[in-house]
Amino acid sequence: VKLRRQTSVKGVIVAVTAGLLIGFLALIRSEPRIKAAPEPEGATVDYQRFFSPAGGGNAPAEPVRVHTRTRAS
Amino acid sequence: VDDVDHTYWYLTRASGFVAYLLMFAAVALGLLLTSGLIERPAIAWLREAFRRYRVYDLHRFLSIFTLVLTAFHVFIVLPDAFIGFTVGELLVPFASPYRPLFMALGAFALYLAAILVASFYFRRLVSYRAWRTLHYATLAVFALALAHAAGAGTDTEAAWARYIYSATGFMAFALVLYRAIYGTARRGRAVDAADSFRRGLPFRSSAEQAGG
């Protein structure tokens with residue numbers, strides 16, 4: 001059995017990947033999430049609200065928590 | 001903060017998402033390949049578009065490409081002057097001062113993925129059972145990558161990132177469940193797969209082979 005190498009399909013995958021990379025790059029640059037302050041103690045992700053980050057209709061509004069980028073050391 | 005070039009930081013975040021999505025595609029194709037789902041009459045069009053031997057080739061290509069992009073995701077952060085990761089902090093589990101647990105999960109995923117991609121090339125040297133058992137680690141790689149992304153990712157607080165994690169995680173879980181229930185129940189398919197493995201060929205069922 002001769003394998004079909006499908007060069008064209010692989011080319012499409014590479015092109016789509018490049019497109020995704022550019023798209024995510026633009027999305028991330030639009031909301032950089034960079035702040036000079038040190039990272040706060042404790043978990044930065046509230047897993048109780050993982051699947052509904054916007055909260056329910058009657059949920060009290062939480063202050064916006066900006067993810068902080070910290071130095072490694 | 002503003003006086004530092006953040007391009008490499010943006011690149012590592014963006015490439016992380018793309019590598020994760022490619023990994024999901026590779027895992028999903030692998031599960032489609034082995035679960036028999038692609039052969040169901042309801043999705044005959046999909047079967048025609050991705051006949052089994054084509055899917056195998058794509059699965060292998062996606063796996064290798066995912067590993068390359070993952071390596072890019074890891075090492076593109078090195079030139080970043082702000083966070084200052086070293087190679088050791090990136091590659092040695094728990095050495096990272098930034099969220100060491102979730103960074104370690106990512107390192108484990110990288111190493112397991114490298115072993116799995118290498119296994120495509122030495123599969124003739126091991127038994128089919130051993131190769132298949134090793135291949136189950138693919139699911140662990142995906143789970144580790146998901147945990148790494150959700151736990152260490154800067155963008156996890158963004159709704160769009162959570163939707164990506166939730167949707168891909170749910171679909172992968174559903175495919176694993178389907179495969180666990182239906183994929184391994186047909187002994188004839190397993191025999192076909194073992195025979196193809198011995199001959200170093202991509203798997204095609206008896207019916208497909210009879211049909212040319």
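All values derive from a computational prediction rather than experimental measurement. Below, chain A is the first sequence line, B the second, and so on; all start at residue 1.
The two atoms that bring B:L62 and A:I13 nearest to each other are CD2-CG2, 3.9 Å, heavy atoms only.
No more than 12 heavy atoms of other residues, nucleotides or ligands shown are found within 6.0 angstrom of CZ on B:F170. Counting heavy atoms of neighbouring residues, nucleotides and ligands inside a 6.0 Å radius, atom OH of B:Y111 exceeds 12 of them. Counting non-hydrogen atoms of other residues, nucleotides and ligands closer than 6.0 Å to CZ of B:F120 gives a total above 12.
Proximity to chain A is limited to the side chain of B:L21, based on heavy atoms less than 4.5 angstrom apart. In this structure, no portion of A:V16 lies under 4.5 Å from any heavy atom of chain B.
Ranking A:L20, A:I22, A:L25 against chain B, the residue ahead of the rest is A:L25, based on heavy-atom pairs under 4.5 Å.
Ring geometry, A:F24 versus B:F17: the interplanar angle falls under 30°, so the pair is classed parallel (tilted spans 30 to 60°).
The distance from atom NE2 of B:H6 to atom CD1 of A:I28, rounded to the nearest 0.5 Å, is 13.5 Å. The line from CG of B:L69 to OG1 of A:T17 is 7.0 Å long, rounded to the nearest 0.5 Å.
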